[in-house]
Protein chains: 2
Amino acid sequence: MRDDDLDAAFSALADPARRAIIARLSRSSATVNELAEPFTITKQAVSKHIQVLEQAGLITRTRDGQRRPCHLDPAALEALTGWIDTYRLEAERQYRRLDGVLATLKDQHSKDQS
Amino acid sequence: MRDDDLDAAFSALADPARRAIIARLSRSSATVNELAEPFTITKQAVSKHIQVLEQAGLITRTRDGQRRPCHLDPAALEALTGWIDTYRLEAERQYRRLDGVLATLKDQHSKDQS
DNA sequence: CAAATAATCAACTGATCGGTTGATCAACGA
DNA sequence: TCGTTGATCAACCGATCAGTTGATTATTTG
C-alpha cells in the first residue's frame, strides 16, 4: 500500500461523520439519501464525505438507475489493520525482549548477592 | 473509545511523517532529535508531530534528564484495529449472507428448470 | 413533454494544519 | 558559573478542509 493511499484512508477515517457512514454501510449498502437521513448536515456535505471515502478506496459505488448505492470494501479495511498490526506486533516483540533483559539483570543481581 | 479519541488517533496516522515516526518507535524508543534526524523538516516540526501522536494516545513520553524519550503504545494501536475490525467483520458477514441468498435463488431456478 | 427525484458541481467562508523562523526554558558538563 | 544541548513556545504563512447556498445534470414518472 502506497503512502498516498494510507494518507487518504486514515484521514478518511478521521471524521466522525465518515466513520458513522462506514458503520452504517457495514450493515448493508445504501444510497446518498439514505446515508444523509440521520445527519443534520446537508446532503451535499454527505455527498462530499462519500467521495472522500470512495477516493480512499474504503467504499465502492454502483449504478442502479438514478441511484448510486455505496458498498463498504472489507479488503480496504483489512489493509489498514495490516499496516497497524505490523508496528503493533513489532513493538510488542521489543517490549518482550526488554522484559527478558530486565529479568536477566535481576537474576544476575540475585546471584551477586548470594 | 470516544469519538474524539478516534478522530485524534486516525488523523494522527493520516500523515506520512507521523507514520514514519510510529514505524521507527516500533523498533525502539527514541528522543526528538533521534526521530528528527532522518527528516528534512525542522526539529520544531517533528516536535509538533510528536505532540500530535502523544495527544492521540499513540505514544507516551518519559523523562531522562534533559531528554524526553518517546515510546510507542501497542494497546492504542490495538484499539484502532479493534474499531476497524468491528465493521470489517460485520461487512464480511453481510456479504456471506448475501451470497447465501443468491445461491438459494440460483438453486430455486435450477429446480424450476428441471 | 413536463414535474419530480437522486446526485453532483461551483463558488464561497471560517477553521484547522503543516511548516517556518526566532526566542525561551531547563538540564548538563567543562 | 557559563556555554552547550534537548526541547518547546509563539507568531506567522499558505494550503487544505468541512460546511453552506445556489445552480445543474440525469433519470424516473405522470
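Letters go in sequence order (proteins before strands), and every chain restarts at 1.
When side chains are defined from C-beta on, A:Trp83 counts as touching B:Ile22, because their heavy atoms get closer than 4.5 Å. Within the 4.5 Å cutoff, the side chain of B:Leu25 has no heavy atoms near those of the B:Leu53 side chain.
Relative orientation of the A:Phe10 and B:Phe10 rings is parallel, given thresholds of 30° and 60° on the angle between their planes.
Nucleotide D:dA7 holds its C1' atom 17 Å from the CD atom of B:Glu37, rounded to whole Å. In this entry the distance linking CZ of A:Phe10 with P of C:dC17 reads 18 Å, nearest Å. To the nearest angstrom, P of C:dA27 lies 10 Å from CZ of B:Arg68. Whole-Å rounding puts the B:Arg67 CZ to D:dT8 P distance at 13 Å.
In this structure A:Asn33 satisfies the side chain to side chain donor-acceptor pair (under 3.5 Å) test with no other residue, sequence neighbours excluded. Scanning for side-chain contact (heavy atoms from CB on, under 4.5 Å) contacts around A:Ala79 gives A:Met1, with sequence neighbours left out. Scanning for side chain to side chain donor-acceptor pair (under 3.5 Å) contacts around B:Arg61 gives an empty result, with sequence neighbours left out. With sequence neighbours left out, the side chain to side chain donor-acceptor pair (under 3.5 Å) criterion links A:Arg97 to no other residue. Every side-chain contact (heavy atoms from CB on, under 4.5 Å) that A:Ala20 has, sequence neighbours left out, goes to A:Phe39. Legend: residues meeting salt bridge (charged side-chain N to carboxylate O under 4.0 Å, His left out) with B:Arg27, ordered by chain and number and at least two apart, are absent.
Regarding contacts with the backbone of D:dA7, a side-chain N or O of B:Asn33 is found under 4.0 angstrom from either OP1 or OP2.
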Would you list the atom pairs, donor with acceptor, under 3.5 Å between side chains in residues 86-94 of chain B and any protein atom, with sequence neighbours excluded?
unit_1	atom_1	unit_2	atom_2	d
B:Thr86	OG1	B:Gly82	O	2.9
B:Arg88	NE	B:Asp85	OD1	3.2
B:Arg88	NH1	B:Glu92	OE1	3.4
B:Arg88	NH1	B:Glu92	OE2	3.2
B:Arg88	NH2	B:Asp85	OD1	3.1
B:Glu90	OE1	B:Arg93	NE	3.3
B:Glu90	OE1	B:Arg93	NH2	3.0
B:Glu90	OE2	B:Gln94	NE2	2.9

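The stretch residues 25-32 of chain B has no heavy atom under 4.0 Å from DNA chain C, so no residue of it qualifies as close. Within residues 52-62 of chain B, the residues that have a heavy atom under 4.0 Å from DNA chain D are, in order of number, B:Arg61.
For the pair A:Ser11 and B:Ile50, nearest-nucleotide mapping onto DNA chain D gives the more 5' position to B:Ile50.
For residues 7-24 of chain A, the salt bridge (charged side-chain N to carboxylate O under 4.0 Å, His left out) pairs, not counting sequence neighbours, are A:Asp7-B:Arg19, A:Arg19-B:Asp3, A:Arg19-B:Asp7.
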Return a single string for nucleotides 19-29 of chain D, one symbol per nucleotide in 5' to 3' order, where B is base contact, S is sugar-phosphate-only contact and - is none, cutoff 4.0 angstrom on heavy atoms.
BBBB---BBS-

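With hydrogens and angles ignored, the 3.5 Å screen pairs a side-chain donor or acceptor of B:Glu34 with a backbone N or O of B:Thr31.
Nearest heavy-atom pair across B:Val46 and B:Val32 is CG1-O, 4.3 Å.
An end-to-end axis angle of 20° holds for the helix from C:dC1-D:dG30 to C:dA30-D:dT1, taken from five base pairs per end and rounded to 10°.
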